[in-house]
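First comes the structure, then the notes that go with it.
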Amino acid sequence: MNAVTSRAVKTRFAPSPTGYLHIGGARTALFAWAYARRHGGKFVLRIEDTDIARSTPEAVQAILDGMQWLGLAHDEGPYYQTQRMMRYKEVIGQMLAAGTAYHCYTSKEELDALRAEQEAKKEKPRYDGRWRPEPGKVLPVPPSGVQPVVRFRNPTEGVVAWDDQVKGRIEIANAELDDFIIARADGTPTYNFCVVVDDWDMGITHVIRGDDHVNNTPRQINLLQALGAPVPLYGHLSMILGDDGTKLSKRHGAVSVMQYDEDGYLPEAVLNYLARLGWSHGDEEIFSMQQFIEWFGLDHITSSAAQFNTEKLNWLNAHYLKLADDARLGQEIRRRLVREGVTETAVPDPAEIAALYKDRVANLNELADSAHAFYVAAHPSDELATQHLTEAAKAALADLADRLGRLAGADFVPETLAKTLKETLAATGLKMPQVAIPLRVALLGQPQSPAIDRVLAVLGRDEVLRRLARTLS
RNA sequence: GUCCCUAUCGUCUAGAGGCCUAGGACAACACCCUUUCACGGUGUGAACCGGGGUUCGAAUCCCCGUGGGGACGCCA
C-alpha cells in the first residue's frame, strides 16, 4: 500500500465557474461524492477560478445551487483558487530555486512562429526547450524589458504511467510532453500547476474527473513527483453525449441541472438516471442514493462515452413521482401555479390533486397543468362542446346535477358519487362513458381525467354544481 | 499531422474464455386491465464494427483496419 491509498479517502469536484453546472459536471460530482461517501471519506468542493476573465460570481452561485438541488453536500470548501495565490507563488519560488522550473523569455509571437513551423512539418506542436537550462548549455541572454514565464522542467526520457481506476493502465512517453508553462508572464499560475498544488495541499487521494483530463494527468504526475508530493489515484470518466449522439453543447443538451428543476424533474430521478449513465450494478435500474453509495465503486464504470436519453429520464421521473409524498407534490404544484399567476390554491388542497394525478403524469409541470383546471374553470373548446355536450348528454348532466344537489358536501366521497352516477345511468339509459365524458368536459374542459368520482370528490360539491350550472345554462 | 482513449439491441447497459440459443432496462409494437386518457400487467421484434491471430473453445485475450471522442494554449 502506498502513501496515497493508506490515507483516508478524499475526493474533490473542481469546476471552473464559467457557466452553470451542466449534466456532465453533475455526474462527475455525483461519482466523486459517492466514492467519498462509500469509503467514509471526505468530499471537497473547489472552485477553479484562476481564469479571472471568464469566471463569474453568478456561475459560482449557479454551481452551488445545482449541487444543493441534487443534494451533493461537500465536507470541505468551497475553496477558491484565487484565494490561494500566495501559496502558488511560494511553490513556484521553491521550484525555481530547486531547478525543477525555469524562466522562459520566448515571446508569444516566437511561440506562434514555432508552432506554425512544426505544424507545417506535420509535427506535434511543442515548446523546443530553448530556455531550458542543461549542464554545459549556454542560454541566450534574457532580452531586456521582457517578463518571463515560468516553465516546468519536464523529464525528457522514460514514460509516465498510472493505473487509471476506470480505464486501466495508461502510459505516455515523456518525449510526448513539453515544458509547459506553470506561471504566466504576469506571475499568475496556470491550471495544471494549481490543480497539482491543490490536490497535494488538500490531501486528495482519488481524482475522479472527466475524460478530457487524461492528457493533463502525465503532466500533473510529473509535477507532483518534482515536488515530492504523493500521487493520487486517478479515475477518468468518459463524457456524456447529447440525446442525438453528438457532443453536448449549449445548442443542445448541455443545460443547467437547474433547468431540470424548471422542467419538472425530481432531483432523485435525475440522480438515479445519472448514476446509471456510465455505471451499473448488474441489472439494477432503480435505486436510492443510499443504495447507490453502498454499491458504488470505480470498477463497473463504462469507459466509453454514453448518450443521454431523455426518454429513460422521463420514465424514472414518472416512477419517482408515483412514490413522492403528496404534500411535497402539492407544494410543487402551488409553486408552479403561482408562477402562472394562479394564487388561490387553498381549495381544493393541491396535495389531493397530486394524489389524483401523480401516477399518470411524467413530470411536475404536467402535474401542475392538470391541477390548473381545478382552480380556474376551463371552458371547453367549441369542438369538444359540440362533440360531447349534446342535448342527450346535457339532459343526463341535468339529471346528475339534480341528484348531486341533493347530497350534502360531506357526501362528496367517491363511493357515494359513483352510486349517484349510476342512478343517472339508470334513469337515462346511458352507458358510463356517455355520461362520464361529457361530465369531464363540463367540469375540466377536457374529455380525459382520472376516475370521475374521485375528480368530483376533490373538486367539491359547490364547485361541481357551479360548473354544471354554467354548462347547462 | 502526432499522441491518448474508445467500440454489445435505436439508447443505457450485463458479460472477467465454456454458464450466451448474448441477459436486464428505456423506447417501439401487440395484447390484457379499464368509466375516458393515462398508469399498470403480459408478450414480441431488436445487438457482439470489420479482418486476422491465440485457444479444444472468443462478445470476452492479442494485432491490424475502420468508426467515434479527446488532447496538442501565457483556457480550465
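Note that these values count all heavy atoms, side chains included, but never hydrogens, waters or copies made by symmetry. First the proteins, then the strands, lettered A, B, ... as listed; each starts at 1.
Rounded to whole Å, the separation between the C1' atoms of B:rG68 and B:rC49 comes to 11 Å. Taking atom P in both B:rC62 and B:rU54, the straight-line distance is 15 Å, to the nearest Å. Taking the C1' atom of each, B:rU11 and B:rA27 are spaced 8 Å apart, rounded to whole Å.
Distances shown here put every side-chain N or O of A:Ser238 at or beyond 4.0 Å from the OP1 or OP2 atom of B:rU6. For the pair A:Thr18 and B:rA76, the criterion of a side-chain N or O lying under 4.0 Å from OP1 or OP2 is not met. Note on A:Ser303: every side-chain N or O is 4.0 Å or more away from OP1 and OP2 of B:rC5. Listed pair A:Arg184 / B:rA76 meets the phosphate criterion, a side-chain N or O lying under 4.0 Å from OP1 or OP2. Look at A:Arg54 and you won't find any side-chain N or O under 4.0 angstrom from OP1 or OP2 of B:rA76.
Contacts of A:Thr302 with the nucleic acid, taken as non-hydrogen atoms under 4.0 Å apart, involve only primed sugar atoms and P, OP1 or OP2. Residue A:Asp178 is classed as having no contact, given no heavy-atom separation below 4.0 Å to the nucleic acid. When heavy atoms are screened at a 4.0 angstrom cut-off, A:Asp164 is found touching no nucleic acid atom at all. Across all strands shown, A:Pro450 has heavy atoms under 4.0 Å from base atoms, whether or not it also approaches the sugar-phosphate. As judged by a 4.0 angstrom heavy-atom cut-off over every strand, A:Thr50 is placed among residues touching the sugar-phosphate backbone only. Nucleic acid contact class of A:Thr217 (heavy atoms, under 4.0 Å, all strands): none. Note on A:Glu48: only backbone sugar-phosphate atoms sit closer than 4.0 angstrom, heavy atoms only; bases stay farther off.
In this structure, of B:rU13, B:rU35, B:rA25, it is B:rU13 that holds the atom nearest to the side chain of A:Ala306. For A:Ile452, counting side-chain heavy atoms from C-beta on, the closest listed nucleotide (B:rU35, B:rC39, B:rA76) is B:rU35. The side chain of A:His300 lies closest to B:rA16, out of B:rA16, B:rA76, B:rC12. Among the nucleotides B:rC74, B:rC5, B:rU2, the one closest to the side chain of A:Arg115 is B:rC74. Distance from the side chain of A:Ile170 is smallest for B:rC5 among the nucleotides B:rC5, B:rA76, B:rC12. Listed nucleotides B:rA76, B:rC3, B:rC74 differ in distance to A:Gln81; the shortest reach to its side chain belongs to B:rA76.
Counting only heavy atoms from C-beta outward, the side chains of A:Arg209 and A:Val195 approach each other to under 4.5 Å.
Across the protein-nucleic acid pair, A:His388 atom NE2 and B:rU35 atom C1' stand 14 Å apart, rounded to whole Å.
You'll find the ring centres of A:Tyr105 and A:Trp131 inside the 6.0 Å limit. Aromatic ring centres of A:Tyr35 and A:Trp279 lie farther apart than the 6.0 Å criterion allows. A centroid separation of less than 6.0 Å is found between the aromatic rings of A:Phe308 and A:Tyr273. The six-membered or imidazole ring of A:Tyr127 lies away from that of A:Phe180, with a centre-to-centre distance of 6.0 Å or more.
The existence of a salt bridge linking A:Arg336 and A:Glu332 is confirmed by a sub-4.0 Å separation between a basic side-chain nitrogen and an acidic carboxylate oxygen. Looking at A:Lys167 and A:Asp211, a side-chain N of the basic residue comes within less than 4.0 Å of a carboxylate O on the acidic one, giving a salt bridge.
Summarising the base pairing, B:rG57 is matched to no nucleotide, lacking a Watson-Crick or G-U wobble pair whose two defining distances lie under 3.5 Å. When Watson-Crick and G-U wobble pairs are counted only if both distances are under 3.5 Å, B:rA25 pairs with B:rU11. Under the Watson-Crick or G-U wobble criterion, with both distances below 3.5 Å, B:rU42 is paired with B:rA30. In this structure B:rU35 sits in no base pair that meets the Watson-Crick or G-U test at under 3.5 Å. Taking a pair to require two hydrogen-bonding distances under 3.5 Å in either a Watson-Crick or a G-U wobble arrangement, B:rG73 remains unpaired.
At a cut-off of 3.5 Å, with distance as the only test, no side-chain donor of A:Asn317 or A:Tyr260 sits close to an acceptor on the other residue.
With A:Asp179 contributing its side chain and A:Asn154 its backbone, the two residues share a donor-acceptor pair below 3.5 Å. Between the side chain of A:Gln165 and the backbone N or O of A:Asp163, at least one donor-acceptor pair lies under 3.5 Å.
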Pairwise N/O distances under 3.5 Å, protein to nucleotides 61-66 of chain B:
none

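Between the side chain of A:Glu119 and the base of B:rG1, no donor-acceptor pair under 3.5 Å is found. Between the side chain of A:Asp283 and the base of B:rG23, a donor-acceptor pair under 3.5 Å is found. Taking 3.5 Å as the limit, the base of B:rA76 and the side chain of A:Asn216 contain a donor-acceptor pair of atoms between them.
The number of heavy-atom neighbours closer than 6.0 Å to NZ of A:Lys322, taken from other residues, nucleotides and ligands shown, is above 12.
Taken residue by residue, residues 307-324 of chain A places heavy atoms nearer than 4.0 Å to RNA chain B at A:Gln307, A:Asn309, A:Glu311, A:Lys312, A:Trp315, A:Lys322.
Between A:Tyr88 and the choices A:Asp198, A:Thr190, A:Thr188, the side chain to side chain donor-acceptor pair (under 3.5 Å) rule is met once, by A:Asp198.
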